[in-house]
**Student:** 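Sharing a structure with you now.
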Number of protein chains: 2
Amino acid sequence: MDEPQWLNADELEAWKALAGVLFLLPTALDSQLQRDSDLAMADYMVLVILSERDGRSMRMTELATSANTSQSRLSRIVARLEAAGYVTRQMAPDDRRAVLATLTEAGMAKLVAAAPGHVAQVRKLVFDRLSPAQVASLNEVARALSNPDDSATCEIST
Amino acid sequence: MDEPQWLNADELEAWKALAGVLFLLPTALDSQLQRDSDLAMADYMVLVILSERDGRSMRMTELATSANTSQSRLSRIVARLEAAGYVTRQMAPDDRRAVLATLTEAGMAKLVAAAPGHVAQVRKLVFDRLSPAQVASLNEVARALSNPDDSATCEIST
DNA sequence: ATAGTTTATTTGACGCGGCAACTACTTCCG
DNA sequence: CGGAAGTAGTTGCCGCGTCAAATAAACTAT
């Protein structure tokens, strides 16, 4: 049970703690949003990203990248948001393969309504528990971990 | 869009980075394990936890807590693992409501086979990207975030 | 004992995300 | 031009996790 490059004690401890966060935080965050606003985190993020955009509009692929989701997931998310009236989809004028998702007024209103509760939850579960120095550490570490990893395919045994 | 206790610039940046990790890391980890060993992270964790136990046996509720999952999720995980022959379930002798999940030899073998690839992935996606000091920070921060939050229900607007 | 409450676990219904296949458009190149 | 290759996005199938309800056993107090 310790064959390749096993983890040392510090790493193992950190890994266990990180695994806990990875399991618990998304659930806790999702459940508040779901309960209070009937949105998943990913839905919320899509709304946020669109809201920050000039024209509140973006192409699907770019939106998927920004929201850190797969294209197929994004496609379903936007389909749901469209069904709820929060976004519209239209063909891009320059490239007829592409689709522009656009935040509607209703979507913007939804976001404004959902934000306070969500932010409160983020504050409660994350920032209230960290000193400013720890926030800086978190930023540094999270940035290191979210770089160009997502390829997610390691060439073991190929 | 800035009503309650909004996030300041540092917090916002850290939050965005953390959100990226929360979305990408589990996917990347799961996909390696799924592809190479046909196990989900949660399945793997359950096997690990049992393997570290005297008698390789534990009650469902305790297992759920240790693995940071809900009871119903754990129930399904163990059902799957049992179907695959990796664990067995038996009634606890002292409390007939309780169920003891026990790792089988096959389960242990499965874990031993899956571990190297998984650890390599963890190393690649996490520890290879962090200095020892950053590992210490990670440990500290992750520990702060995974304390007693899971209640997951905040009393906003009740 | 007995009814009521609490604890341990499972399950049915349902929605969501991943993978791979598919459509449709665009670009490249001879 | 015309076909091959690449790009954008969607969808069917399937497995997984959540929620709430169900089952069953164990206390608790009368």
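The figures here come from the full heavy-atom set of this structure, side chains too, leaving out hydrogens, waters and symmetry mates. Letters A, B, ... are given to chains in the order of the sequence lines, protein chains preceding strands, and every chain is numbered from 1.
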**Student:** Among A/Lys110, A/Arg80, A/Arg73, which residue satisfies the salt bridge (charged side-chain N to carboxylate O under 4.0 Å, His left out) criterion with A/Asp43?
**Tutor:** A/Arg80
**Student:** Can you check the A/Leu63 CG to D/dA8 P distance for me, whole Å?
**Tutor:** 14 Å
**Student:** How many Å lie between CG on A/Leu24 and C1' on D/dG17, as a whole number?
**Tutor:**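 Atom CG in A/Leu24 sits about 14 Å away from atom C1' in D/dG17.
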**Student:** Suppose we screen for ring-ring contact (aromatic ring centres under 6.0 Å, His included). Which residues come up paired with A/Phe23, at least two apart in sequence or across chains?
**Tutor:**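 A/Phe23 satisfies ring-ring contact (aromatic ring centres under 6.0 Å, His included) with no other residue.
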**Student:** Quickly work out the B/Asp38 CG to D/dC16 C1' distance and round it to whole Å.
**Tutor:** 13 Å
**Student:** What's the CE-C1' distance between B/Met41 and D/dC16, to the nearest Å?
**Tutor:**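 Rounding to the nearest Å, CE of B/Met41 and C1' of D/dC16 are 15 Å apart.
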**Student:** What is the separation between atom CD1 on A/Ile77 and atom P on D/dT11, rounded to the nearest whole Å?
**Tutor:** 15 Å
**Student:** Does B/Asp95 have any side-chain hydrogen bond (donor to acceptor under 3.5 Å, both in side chains) partners at least two apart in sequence or in another chain, and if so, which?
**Tutor:**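 Applying side-chain hydrogen bond (donor to acceptor under 3.5 Å, both in side chains) to B/Asp95 gives B/Arg97.
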**Student:** Please identify each residue that fulfils salt bridge (Lys or Arg N to Asp or Glu O under 4.0 Å) with B/Glu140, with sequence neighbours left out.
**Tutor:**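 Here no residue qualifies.
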**Student:** Rounded to whole angstroms, how far apart are CG on A/Asp94 and C1' on C/dC25?
**Tutor:** 12 Å
**Student:** Nearest whole Å is fine: how far is D/dT10 C1' from A/Glu82 CD?
**Tutor:**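 Between C1' of D/dT10 and CD of A/Glu82: 12 Å.
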**Student:** So which pairs with a foot in residues 20-34 of chain A pass salt bridge (charged side-chain N to carboxylate O under 4.0 Å, His left out), sequence neighbours left out?
**Tutor:** none
**Student:** Classify B/Ser70 by what it touches in the nucleic acid, base, sugar-phosphate, or nothing, heavy-atom distance under 4.0 Å.
**Tutor:** sugar-phosphate
**Student:** Please figure out whether A/Asp95 or A/Ala40 has its closest DNA chain C nucleotide nearer the 5' end.
**Tutor:** A/Ala40
**Student:** Specify the separation, in whole Å, of atom CZ of A/Phe23 and atom C1' of D/dG17.
**Tutor:** 12 Å
**Student:** Of all residues at least two apart in sequence or in a different chain, which pass the side chain to side chain contact (heavy atoms under 4.5 Å, CB included) check with B/Ala67?
**Tutor:** B/Val46, B/Ile49, B/Thr69
**Student:** Could you run through nucleotides 9-16 of chain C and give me one letter per nucleotide, 5' to 3': B if any protein heavy atom sits under 4.0 Å from the base, S if only the sugar-phosphate is that close, - if neither?
**Tutor:** BBBBB--S
**Student:** Any side-chain N or O of A/Arg96 under 4.0 Å from OP1/OP2 of C/dT26?
**Tutor:**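 Answer is yes, contact under 4.0 Å.
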**Student:** Under 4.0 Å between a Lys/Arg side-chain N and an Asp/Glu carboxylate O for A/Glu11 and A/Lys16?
**Tutor:**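 The answer is no: the pair does not qualify as a salt bridge.
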